Amino acid sequence: MSGTFGKGCHLHLIDGSAFIFRAFHALPPLTRKSDGLPVGAVSGFCNMLHKYVEDTRGPEAPTHVAVVFDKGSHTFRNDLYDQYKANRDAMPEDLRPQIPLTREATRAFNIACLEQEGFEADDIIATLATRARDAGGRVTIISSDKDLMQLVGGGVEMLDAMKNRRIGLEEVHAKFGVGPDRVVDVQALAGDSVDNIPGAPGIGVKTAALLINEYGDLESLLDRAAEIRQPKRRQALQEHRAQIELSKRLVLLDVNMPLDVALDDLEVCEPDPETLLGFLSQMEFRTLTKRIAEKLGAEPPALPDTSPAEADPDPEARPVDPSAYECVRDAGALKVWIARARALGRVAVDTETTGLDEMRAGLVGISLATAPGQACYIPLAHKAGGDDLFSAEAPVEGQMEMEAALTLLRPLLEDPAVMKIGQNMKYDAKILARHGIDIAPIDDTMLMSYALDAGLHGHGMDALSERHLSHTPIPIKTLLGSGKSAITFDLVPIDEAVKYAAEDADITLRLADLLKPRLHHRKVATVYETMERPLVPVLAKMEMTGVKVDRDTLSRMSNAFARKMAALEAEIHDLAGERFNVGSPKQLGEILFDKMGLQGGQRGKAGAYATGADILEDLAAEGHDLPARVLDWRQLSKLKSTYTDALQDHINPETGRVHTSYVIAGANTGRLASTDPNLQNIPVRSEEGRRIREAFVAEEGKVLLSLDYSQIELRILAHVAGIGALKEAFRQGQDIHAMTASEMFSVPLAEMTPEIRRQAKAINFGVIYGISGFGLARNLRIPRADAQGFIDRYFERFPGIKDYMDATIAFAKEHGHVQTLFGRRIHTPEIAAKGPRAGFARRAAINAPIQGTAADIIRRAMIRMPEAIATLPAKMLLQVHDELIFEVEEHAAEDTVAVVRRVMEGAALPVVRLDVPLEVDAGQGASWAEAH
DNA sequence: ACGCTCACG
DNA sequence: GACGTACGTGAGCGTA
């Protein structure tokens with residue numbers, strides 16, 4: 001049968017995606033024993049493929065066959081209509097990793113596997129079926145999808161493999177009331193809620209077929225719509241003509257798409273037993289491997305031993321032994337390790353440096369681990385630590401030259417086929433980036449732990465090692481000492497460094513083996529893979545870019561603050577009648593409540609008076625000058641010490657910029673935290689403080705852009721709690737706090753006062769925080785009973801909010817965690833506690849899904865940003881929870897705003913379609929003060 | 001090392 | 001009926 005496809009040939013086209021979904025939904029979840037990878041759909045898919053091959057033997061056997069898949073989610077139909085298939089659910093967590101495996105399975109069966117970016121499987125099927133029919137051959141499409149029925153006829157028929165039912169002209173006519181050539185016309189009119197095809201309102205398949213049969217085809221029908229007697233139908237066709245025509249273009253399959261394969265490439269071939277059985281045994285499908293081996297008359301390969309001891313490595317079985325690690329001192333030894341890593345396809349990596357500031361620390365050595373207990377350390381810049389004048393600071397013998405070692409390591413660390421595993425990889429990625437190495441791809445045990453166990457415990461290596469391996473790593477303090485006498489890692493003797501550093505890589509590898517399979521088991525693999533891991537290179541880049549801070553501006557402000565503080569201090573001492581440390585809450589409390597005898601002194605746990613801003617404000621409001629002056633002094637003191645002074649120390653002398661570091665796995669909710677320095681709490685609320693932002697500037701010829709989500713948490717609340725009134729207000733672009741006030745206090749919007757609006761705003765925020773009468777009362781400074789009255793009225797007016805809160809707490813109690821719309825889990829171990837702790841836990845549980853969903857959304861935007869702005873002269877610099885800061889050449893500012901806004905506003909899609917729009921406000925200027 | 005205070009979203 | 005609370009962070013300072 002070899003040669004050209006033509007008469008006598010019979011092509012089978014299998015709708016692979018339908019196979020997968022059917023297999024997935026029909027079968028109980030099944031995971032690969034050795035590592036927990038979900039493989040249920042792959043198993044079902046292989047079984048179906050095997051059954052298909054067996055069933056189609058004989059005289060009716062196909063001569064040519066292909067399995068056709070969808071690829072990606074964006075096709076030309078999305079360009080025609082952005083709502084196309086928009087109400088589809090996201091792919092289930094368990095199914096996602098199985099998709100590439102089904103392609104592999106198809107190839108293992110030696111069946112052609114077709115997919116093409118930008119087109120649906122249906123288009124590929126349509127194009128091939130048309131070509132085969134035109135060549136005089138027969139075609140069977142193995143699918144029951146009604147969208148393919150337009151292809152039936154002229155030697156093309158369909159086969160519903162499940163029901164073993166043939167679908168020919170008659171069956172199509174029974175379903176659509178017209179022949180295959182008019183199916184698209186009927187579909188265009190009737191629409192389709194599954195694919196979100198609009199169609200004509202009020203017209204279903206029955207009516208559509210009636211109309212098409214009467215007028216011949218869709219175009220004639222639309223042209224002559226005025227003749228239709230029924231007013232409703234006439235109106236529907238006339239008013240929605242464009243929508244109907246669009247629908248037709250959406251359902252019409254492309255029979256002429258460009259394809260890399262020819263029909264002759266699809267000829268049926270016998271599978272290669274070794275390849276097929278190899279794949280099946282790799283998947284650990286025992287029964288199927290055996291069955292197919294028998295059929296092929298081959299020996300079934302040995303399956304890996306998946307006895308519990310192997311599958312769940314016992315940490316005691318192979319104890320961590322620091323004396324067993326190797327010190328790599330020359331190229332020959334290093335090459336052995338590199339080859340080992342290459343062969344295994346993965347390696348744990350850890351860098352040792354002279355400090356914790358990745359922008360300044362020097363690289364001292366690198367450790368690698370390729371298997372539990374199999375690890376090495378490559379010393380590169382160790383120096384003699386003795387106080388002998390001649391030997392101190394001299395390089396130690398027996399180390400590879402840094403550049404030579406990095407030249408050997410670079411291809412491995414950048415090899416796309418070798419997974420590099422680390423603990424807090426952002427750190428190592430930045431160190432290596434400064435040596436020209438772009439480490440990828442990466443896995444990060446800290447982020448695995450965060451995706452799995454946020455809210456349960458910390459994610460540092462020592463904590464993870466204790467918890468999962470019952471092993472205490474060598475504390476770094478034993479090498480470096482602490483306090484003033486601490487040394488840097490380059491001064492640590494090499495044999496000690498080997499034990500410590502190689503142990504870190506060893507532990508990291510063991511942790512990865514333990515944690516990675518759990519990501520699938522616990523359904524957070526997508527969280528890890530889409531919102532944790534890809535953030536690492538994005539943040540590394542932002543941190544290395546840094547933001548320009550003008551030292552002179554800060555210095556001038558510092559001096560001004562110092563002068564004002566000195567004046568205030570003198571005044572305060574005067575009022576007190578004695579000199580004391582204004583910065584000491586203890587001394588201040590004694591002055592206020594003991595010496596001056598003011599009322600309202602509350603002693604805290606430690607016995608000291610509380611002197612927080614709220615207390616001082618109350619006293620000031622009673623007319624006392626001293627607390628009022630102290631408040632002023634404190635504000636200036638804060639601005640000076642934390643900002644104008646400390647920030648100057650953070651300006652990197654080489655770059656002239658400030659390089660913060662973001663903690664990815666710090667905040668339980670998924671938020672980032674910024675440290676060294678914290679650039680997420682630069683003042684903005686007070687006029688005086690806001691001026692500090694004048695020191696954050698753009699380079700010459702550039703501007704800073706600030707884009708922030710407007711009310712993102714309230715919008716998420718409206719969505720998750722399903723509050724119709726709130727959703728509607730956001731859709732209409734109304735003032736949300738005024739709307740709330742109007743609803744609650746029955747005041748028309750036109751008569752709204754700032755005071756009523758302010759109270760409603762406090763309630764709106766209170767809801768996000770897990771409102772309590774006490775908290776609201778304190779915030780609004782009103783009697784507790786009044787606050788409780790507000791809350792009661794709020795719940796009465798928006799009953800969905802109360803339902804949401806109750807449902808969230810019930811969920812937390814049942815599962816021990818809450819989750820965001822994107823599947824991030826935040827554990828709530830204290831939710832069952834008694835006493836005041838229960839209150840904290842409940843409020844945290846209510847807040848976490850909202851704050852966490854907002855955090856997920858901006859993470860998604862950030863991850864997409866580098867590609868989106870790649871062609872623009874723009875750099876992403878900072879993130880402040882709901883705000884992103886960019887630096888861009890002035891001429892491209894407008895374009896950048898448009899691109900960034902589009903990415904931010906669409907960041908939830910396509911996984912989550914919020915019921916409210918996300919809106920982004922933008923500003924620009926020479927400084928952050930102007931841009932915000 | 002820890003608690004207080006205060007800066008941000 | 002009392003408990004004692006708004007959610008999430010980090011930094012600097014004083015006090016132990």
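Bear in mind the structure is a predicted one, so any value in this text is a computation, not a measurement. Every chain is numbered from 1, with letters handed out A, B, ... down the list of sequences.
What separates CD1 of A:Ile712 from P of B:dG9 is a distance of 14 Å, to the nearest Å. The CD1-C1' distance, from A:Ile615 to B:dC4, rounds to 11 Å in whole Å. In this structure, CD of A:Gln680 is placed 12 Å from P of C:dT9, rounded to the nearest angstrom. Here the P atom of nucleotide C:dC13 and the CG atom of A:Leu639 are 13 Å apart, to the nearest Å. Atom pair A:Gln635:CD and C:dA11:P shows a separation of 21 Å (rounding to whole Å applied).
Remark: A:Arg634 is in phosphate contact with B:dC6, judged by side-chain N or O atoms under 4.0 Å from OP1 or OP2. Dashed line: the shortest gap from a side-chain N or O of A:Gln587 to OP1 or OP2 of C:dT15 is under 4.0 Å. Taking side-chain N and O atoms only, A:Arg685 has a distance below 4.0 Å to OP1 or OP2 of B:dG9. Between A:Arg671 and C:dT9 there is no side-chain N or O to OP1 or OP2 distance below 4.0 Å.
The residue A:Asn581 sits close only to the backbone: its heavy atoms come under 4.0 Å of sugar-phosphate atoms, none of a base. Counting non-hydrogen atoms under 4.0 angstrom, A:Asn681 reaches a base of the nucleic acid.
The pair A:Glu930-A:Arg690 does not count as a salt bridge, with every side-chain nitrogen at least 4.0 angstrom from each carboxylate oxygen.
A gap of 26 Å separates the C1' atoms of B:dC8 and C:dG4, to the nearest Å.
The aromatic ring centroids of A:Phe790 and A:Phe745 lie less than 6.0 Å from each other.
When both pairing distances are held under 3.5 Å, C:dC3 makes no Watson-Crick or G-U pair with any nucleotide shown. The partner of B:dG3 is C:dC13, judged by Watson-Crick or G-U wobble contacts that both fall below 3.5 Å.
Comparing A:Asn847 and A:Gly835 against DNA chain C, the residue whose closest nucleotide sits nearer the 5' end is A:Gly835. When each of A:Ala844 and A:Arg784 is assigned the nucleotide of DNA chain C bearing its nearest heavy atom, the one mapping closer to the 5' terminus is A:Arg784.
Taking the six-membered ring where tryptophan is involved, the planes of A:His737 and A:Phe765 are tilted, since the angle between them lies from 30° to 60°.
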Original post:
What do the steps show when you test A:Thr611 against A:Arg634 for side chain to side chain donor-acceptor pair (under 3.5 Å), and what is the final call?
Top reply: CA-CA 11 Å; A:Thr611 65; A:Arg634 275 199 185 155; 2.8 Å; yes

